[in-house]
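Heavy-atom basis, side chains included; hydrogens, waters and symmetry copies ignored. Residue numbers start at 1 and run along the sequence shown. Every value quoted in this text rests on a predicted model; they were computed, and no experiment measured them. Order of appearance sets the numbers: ligands from 1, and atoms from 1 within every ligand.
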Amino acid sequence: MANQPTILLVYTGGTIGMIKDYKTNALKAFDFSQIVDKIPELQQLNCKIETVSFEEPIDSSNMNTKYYIKIAEIIEENYQKFDGFVILTGSDTMSYTSSAISFLFENLQKPVIFTGSQLPIGDLRTDAKENLITSIEIASARKDGLPIITEVCLYFEYKLYRANRTTKINAEQFEAFASMNYPPLAESGVHLQFNEHLLKHSKDLQKQLIVRKKLDYNIVILKLFPGITINVVESIAAIPNLKGIILETYGAGNAPTEKKFIKILASAIKRGIRIVNVTQCAGGSVILGHYETSMQLKEIGIVDGKDITTESAIAKMMYLLGENLNTKAFKQYFEQPLRGEID
Ligand code: ASP
């Protein structure tokens with residue numbers, strides 16, 4: 001058919017592309033170029049699908065920044081040729097990976113949909129088929145000749161989310177992801193319903209796609225808990241070559257007021273380490289200075305993570321550190337939405 005959208009399906013690894021070896025009962029990756037044989041329904045979709053697979057598919061626990069760049073380069077190299085991209089990865093680190101990819105692409109004007117599954121594609125009760133088929137449908141959806149989605153998303157179990165708003169919340173239910181601070185962009189039921197007022201579109205269609213590839217991963221997540229020792233905080237802040245700390249605080253961004261604790265953080269910030277305050281809560285936002293217990297953090301110049309997820313904060317920090325900004329510019333950029341990741 002003429003003018004059918006073209007979709008590139010990228011398989012990086014994960015359960016979705018596996019089949020059970022019935023002799024050994026072990027899961028193994030199958031040749032992804034034969035995906036249409038496994039899911040003949042794909043032929044009924046109104047689009048042309050091509051596939052590309054990592055030579056050695058990985059479990060997403062082995063995901064790292066080198067693979068982020070590899071995924072970004074596959075999209076970049078094929079950006080003109082295809083109308084949309086569906087990226088298959090394991091669900092375990094999908095929120096981290098898809099958040100990172102969202103920061104790597106500036107002025108994106110085509111859909112990039114991440115998906116995967118909890119059960120392998122050959123399994124009788126698999127969730128892989130629905131996730132894959134609907135992701136492809138979303139990636140090919142158009143209105144007035146333009147793609148409906150022009151951002152990096154994650155589709156799982158009937159819901160399309162902005163990728164950098166998601167967190168994996170369940171290791172066994174099909175509804176494995178949540179986006180606590182931003183509603184779904186689309187829901188799949190009898191109809192595929194897009195919540196168009198929630199979608200993000202590049203304002204200037206003439207703007208060139210920019211792909212950022214410098215990521216600095218010399219960072220750490222420091223999750224507070226009642227009883228955490230000064231020794232632990234001090235040791236983390238003293239890690240050689242450390243560039244950034246995602247400080248997971250309580251509630252609306254609160255932390256112990258103990259002098260020694262604040263002093264260690266203040267001195268780390270003075271040495272150029274960027275520290276971002278992110279809440280441990282699944283939903284809601286940091287409100288710096290709302291309680292006395294976050295006042296001092298504000299005074300020492302901690303960066304306000306607002307309602308960002310930890311996954312997205314890690315990605316945003318890697319990206320902004322890679323841009324080599326001074327302390328003030330880093331704070332300014334971090335505290336504003338760059339890809340719809342915060343309000
Ligand atoms: N362990 C797998 C992975 O993340 C689970 C999955 O595919 O969902 O790669």
Name every donor-acceptor pair, under 3.5 Å, that has one atom in a side chain of residues 113-121 and the other anywhere in the protein, sequence neighbours excluded.
unit_1, atom_1, unit_2, atom_2, d
Thr115, OG1, Tyr155, O, 2.7
Ser117, OG, Leu119, O, 2.7
Gln118, NE2, Asn170, O, 3.3
Gln118, NE2, Gln173, O, 2.8

For residues 287-296, which side-chain donor-acceptor pairs fall under 3.5 Å, sequence neighbours excluded?
unit_1, atom_1, unit_2, atom_2, d
Thr293, OG1, Asn254, OD1, 3.3
Ser294, OG, Gly289, N, 2.7
Ser294, OG, Tyr291, O, 3.3

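Ordered by chain and residue number, the residues placing a heavy atom less than 4.0 Å from ligand 1 are Gly14, Thr15, Asp59, Ser60, Gly90, Ser91, Asp92, Ser117.
Crowding of Tyr217 atom OH: a count of heavy atoms from other residues, nucleotides or ligands under 6.0 Å not exceeding 12.
A donor-acceptor contact shorter than 3.5 Å is absent between the side chain of Glu187 and the backbone of Gln193.
Of the inter-residue distances, the one linking Leu321 atom CG with Arg274 atom CZ reads 6.5 Å to the nearest 0.5 angstrom.
Scanning for salt bridge (Lys or Arg N to Asp or Glu O under 4.0 Å) contacts around Lys110 gives an empty result, with sequence neighbours left out.
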